[in-house]
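Atom set for the values below is all heavy atoms of this structure, side chains included, hydrogens, waters and symmetry mates excluded.
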Amino acid sequence: MTGPRSGEEIILIDDHVVVACAPPDASACLASPDAIAAWFDAHRAGDRTTVRSPVGDLELHREREDWRPADGVLTIDGTAGSVRFHAYFTLRATIRPDPSSYLHEVTEMWVHVELGPAAQARRAAAIFRGAIRRGLEHLALELDVAPERDG
């Protein structure tokens, strides 16, 4: 079984950022599961991932991982102690106007995590939320660069 069990109360975490760079530029910074983890201050070793946090580290055991770089999707299922999780990171192209109404391609990055059972997942959820917020802020600072236009 992957992720929280059916019928359990779960904690859902969803967050995203849209950055002005084109998807190929974002993909270059997010070229592997290890590279993605690093943006969120996480370290991968074997089937374990350690998420660093000011309130303490969280060790995740990855039971299943599906990395689809051509689709911009990383899905992970596993456990953090007695807490089960299902998480995914997606990267996709979208269009956004700049102040002069010129449309340009930008990149949207989503992080989604399901944790359960909820009663045991509060600490893990706090660490996940902090890591996700910091990681997306770091990605936005690095990648939110408006494209240069000719003439």
Side-chain angles (χ1 to χ4, degrees), residues 1-96 104-147:
M1 160 148 290
T2 58
R5 293 180 187 359
S6 180
E8 279 183 345
E9 274 195 49
I10 62 173
I11 295 173
L12 297 176
I13 303 168
D14 275 304
D15 206 348
H16 78 284
V17 67
V18 177
V19 294
C21 75
D25 297 330
S27 293
C29 292
L30 301 158
S32 70
D34 288 345
I36 294 168
W39 285 99
F40 296 90
D41 203 18
H43 174 73
R44 293 165 49 98
D47 64 355
R48 305 282 177 179
T49 300
T50 302
V51 180
R52 294 182 183 92
S53 164
V55 298
D57 294 348
L58 181 65
E59 184 171 300
L60 309 175
H61 176 253
R62 297 184 318 275
E63 296 172 356
R64 189 184 71 77
E65 181 172 276
D66 185 15
W67 170 230
R68 298 181 185 200
D71 298 326
V73 177
L74 173 63
T75 305
I76 303 171
D77 293 289
T79 58
S82 62
V83 175
R84 300 194 63 76
F85 71 89
H86 170 73
Y88 64 83
F89 175 87
T90 60
L91 181 141
R92 69 183 186 133
T94 189
I95 302 294
R96 171 170 83 182
H104 58 93
E105 188 175 43
V106 296
T107 304
E108 182 176 33
M109 292 174 266
W110 273 95
V111 179
H112 173 86
V113 180
E114 300 171 6
L115 300 163
Q120 299 169 1
R122 306 231 184 276
R123 178 180 178 275
I127 292 172
F128 269 108
R129 281 187 186 103
I132 291 166
R133 184 183 65 252
R134 287 187 309 275
L136 291 176
E137 287 172 357
H138 189 192
L139 282 161
L141 287 171
E142 184 72 23
L143 299 175
D144 200 18
V145 178

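Residues Leu12 and His112 approach most closely at CD2-CE1, 4.2 Å, considering heavy atoms. For Gly116 against Ile10, the heavy-atom pair with the smallest separation is CA-CG2, 4.2 Å. In terms of heavy atoms, Cys29 sits closest to Leu143 at SG-CD2, 3.7 Å. Nearest heavy-atom pair across Cys21 and Thr107 is O-OG1, 2.8 Å. Annotation for Leu74 and Pro33: closest pair CD1-CG, 4.0 Å, computed over non-hydrogen atoms. Scanning both residues, Leu115 and Ala124, for their nearest heavy atoms gives CD1-C, 4.2 Å.
Qualifying side-chain hydrogen bond (donor to acceptor under 3.5 Å, both in side chains) partners for Ser82, counting only residues two or more places apart in sequence or in other chains: Gln120. Looking at residues two or more places apart in sequence or on another chain, you find no ring-ring contact (aromatic ring centres under 6.0 Å, His included) involving His61. Judged as a side chain to side chain contact (heavy atoms under 4.5 Å, CB included), and not counting sequence neighbours, the contacts of Ala140 are Val17, Val19. Scanning for salt bridge (charged side-chain N to carboxylate O under 4.0 Å, His left out) contacts around Arg92 gives Glu108, with sequence neighbours left out. Residues meeting the side chain to side chain contact (heavy atoms under 4.5 Å, CB included) test with Ala42, sequence neighbours left out: Ala37, Thr49, Val51. Among residues two or more places apart in sequence or in another chain, the side chain to side chain contact (heavy atoms under 4.5 Å, CB included) test is passed with Ala93 by Pro23, Glu105. Qualifying side-chain hydrogen bond (donor to acceptor under 3.5 Å, both in side chains) partners for Asp66, counting only residues two or more places apart in sequence or in other chains: Arg68. For the salt bridge (charged side-chain N to carboxylate O under 4.0 Å, His left out) test, no residue two or more places apart in sequence or in another chain qualifies with Arg123. Scanning for ring-ring contact (aromatic ring centres under 6.0 Å, His included) contacts around His138 gives Trp39, with sequence neighbours left out. Arg96 is linked by a side chain to side chain contact (heavy atoms under 4.5 Å, CB included) to Val18, Ala20, Val106, Asp144, counting only residues two or more places apart in sequence or in another chain.
Side-chain contact between Ile132 and Ile13: present, with at least one pair of heavy atoms (C-beta onward) separated by less than 4.5 Å. Between Leu30 and Leu139 the shortest side-chain heavy-atom distance falls below 4.5 Å. Side-chain contact between Thr75 and His86 is present, with heavy atoms from C-beta onward closer than 4.5 Å. Counting heavy atoms from C-beta on, the side chains of Trp67 and Ile36 come closer than 4.5 Å. A heavy-atom distance below 4.5 Å is not found between the side chains of Val111 and Phe128.
The CG atom of Asp71 lies 11.0 Å from the CG atom of Leu91; values are rounded to the nearest 0.5 Å. Rounding to the nearest 0.5 angstrom, the gap separating the CZ atom in Arg122 from the CD1 atom in Ile127 is 14.5 Å. Going from atom CG of Asp77 over to atom CZ of Phe85 covers 7.0 Å, rounded to the nearest 0.5 Å. Taken to the nearest 0.5 Å, the CG atom of Asp14 stands 8.5 Å off from the CD atom of Glu114.
Between Phe89 and Phe40, the ring planes lie perpendicular to each other; the angle is over 60°, past the 30° to 60° tilted range.
Contacts classified as side chain to side chain donor-acceptor pair (under 3.5 Å) and involving residues 22-37 (residues at least two apart or in different chains) are given here: Asp34-Arg44.
Side chain of Arg62 to main chain of Arg48: a donor-acceptor pair is present (N/O by atom type, distance under 3.5 Å, no hydrogens or angles).
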